[in-house]
2 protein chains.
Amino acid sequence: MLNDQELFTISQVAEITGLSVHTLRYYERIGLIRPIDRAGNTHRRYSSDDIGWVEFLLKLRATGMAIQNMKTYAELQRAGEETLEERVEMLKTLQFDVKAHIHELNEHLELIRHKIEFYSAVIAGQKQETSA
Amino acid sequence: MLNDQELFTISQVAEITGLSVHTLRYYERIGLIRPIDRAGNTHRRYSSDDIGWVEFLLKLRATGMAIQNMKTYAELQRAGEETLEERVEMLKTLQFDVKAHIHELNEHLELIRHKIEFYSAVIAGQKQETSA
DNA sequence: CTACAACTTAGAGTGTGCTCTAAGTCAAGT
DNA sequence: ACTTGACTTAGAGCACACTCTAAGTTGTAG
């Protein structure tokens, strides 16, 4: 697949990922993204793999993982296969935390549902009074 | 229940709710909590109702609701029964958002599960090689 | 060759949600 | 009356995750 060798400018990657060019450079600066290859030694050229990595980061971010934590993961990833076990440990911790978070959200959803029901009944009662 | 008339100092409320005394004052200052009654005109005395309200705020916060939004809700609450419909609308929006968030988290959980499985298989393969 | 849009860096600024400090007041025990 | 510890306010400071600015360089179309 020749298409996989296609390279992208920073603004194309911004378009594709939904991050701003500022944020892409920021992520690289703090080490969330590996130093991106340059065309003519200054302008960044992102590979499809780079974009895939950014999209994975976005998913980690969406789980609530802190940037420091993502950075640790990124460093392990770059260190190669020797760090696989450590990465699996991190993923298991994340899995545990996300499950707990979902559980908590479901509980709060229950409370919200109850409140909506209760208040709706009160409103119905108010309307009854008014029309009586 | 006479016990319901019991009053609490700010540090007791901090203990009960898990918020710091700083945060409790901060929440009052920005209008998330109504101006708490004072004993001898300076020291705050919280009622059980006040504590209940703080605990509800913590649940809203845990759903990811922004403070500005919580403040709006708090103001509607204080305005009385006339705002019930507006509050139900806010709760329905929150319900929708939380459901969407849970859905997203579940998707990411799937990805995490896949990665754990895949990496674990690779690790198992590595160990096989070493022992062979 | 020139115009001009897109890129570059270092570093400053912003919004959110706390968190702490300084300086002082109050309440309870001895 | 005095000490001690909990309380008070106004306002400064902090961590996080961006977001923007200034000043300059590069690449492409006419």
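As a basis for the values below, the full set of heavy atoms in this structure was taken, side chains included, without hydrogen atoms, waters or symmetry mates. No experiment lies behind these values; they were computed from the predicted model shown. Numbered from 1 within each chain, the chains take letters A, B, ... in sequence-line order.
- Rounded to 10 degrees, the angle between the two end axes of the helix from C/dC1-D/dG30 to C/dT30-D/dA1 is 10°, with five pairs used at each end.
- A 4.0 Å heavy-atom criterion places the boundary nucleotides of DNA chain C facing chain B at C/dG17 to C/dC26, written 5' to 3'.
- Within residues 56-66 of chain B, the residues that place at least one heavy atom under 4.0 Å from DNA chain C are, in residue-number order, B/R61, B/A66.
- Of the residues in residues 9-26 of chain B, those with a non-hydrogen atom less than 4.0 angstrom from any atom of DNA chain D are B/T9, B/I10, B/S11, B/R25.
- Contacts of B/Q12 classified as side chain to side chain contact (heavy atoms under 4.5 Å, CB included), with partners at least two apart in sequence or in another chain: B/F8, B/T9.
- Residue pairs that meet the salt bridge (Lys or Arg N to Asp or Glu O under 4.0 Å) test with at least one member in residues 10-36 of chain B, sequence neighbours left out, are B/E28-B/R38, B/E28-B/R44, B/R34-B/D37, B/R34-B/D50.
- To the nearest angstrom, C1' of D/dA17 lies 17 Å from CD of A/E28.
- Rounding to the nearest 0.5 Å gives a distance of 4.5 Å between CG of A/L94 and CE of A/M65.
- Between A/Y27 and D/dC18 there is a side-chain N or O to OP1 or OP2 distance below 4.0 Å.
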Considering only distance and modelled atom types, tabulate donor-acceptor pairs under 3.5 Å from the side chains of residues 114-121 of chain B, sequence neighbours left out.
residue : atom : partner : partner atom : Å
B/H114  : ND1  : B/E110  : O            : 3.2
B/E117  : OE2  : B/R113  : NH1          : 3.1
B/S120  : OG   : B/I116  : O            : 2.6

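- The closest side-chain heavy-atom distance from B/L24 to B/Y46 is below 4.5 Å.
- Across all their heavy atoms, B/T23 and B/L19 have their closest contact at CG2-CD2, 3.8 Å.
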Could you walk me through whether A/H22 and A/Y26 pass the side chain to side chain contact (heavy atoms under 4.5 Å, CB included) test, one step at a time? CA-CA 6 Å; A/H22 295 298; A/Y26 165 66; over 6 Å; no
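- The side-chain hydrogen bond (donor to acceptor under 3.5 Å, both in side chains) test applied to B/E75 returns no partner, not counting sequence neighbours.
- Spacing between atom NE2 of A/H43 and atom C1' of D/dT28 amounts to 11 Å, rounded to whole angstrom units.
- The ring pair (Phe, Tyr, Trp, His ring centres under 6.0 Å) test applied to B/H108 returns no partner, not counting sequence neighbours.
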List the atom pairs, with distances to 0.1 Å, where a side-chain N or O of residues 51-62 of chain A and a protein N or O form a donor-acceptor pair under 3.5 Å, not counting sequence neighbours.
residue : atom : partner : partner atom : Å
A/W53   : NE1  : A/L32   : O            : 2.7
A/R61   : NH1  : A/Y27   : OH           : 3.3

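- If you find the closest nucleotide of DNA chain C to A/R45 and to A/R29, the one lying nearer the 5' end belongs to A/R45.
- Summarising the geometry of B/L105 relative to A/T63, their closest heavy-atom pair is CD2-CA, 3.9 Å, with the distance given to 0.1 Å.
- Residues meeting the side-chain hydrogen bond (donor to acceptor under 3.5 Å, both in side chains) test with B/T72, sequence neighbours left out: none.
- Sequence neighbours left out, not one pair with a member in residues 87-107 of chain B passes salt bridge (Lys or Arg N to Asp or Glu O under 4.0 Å).
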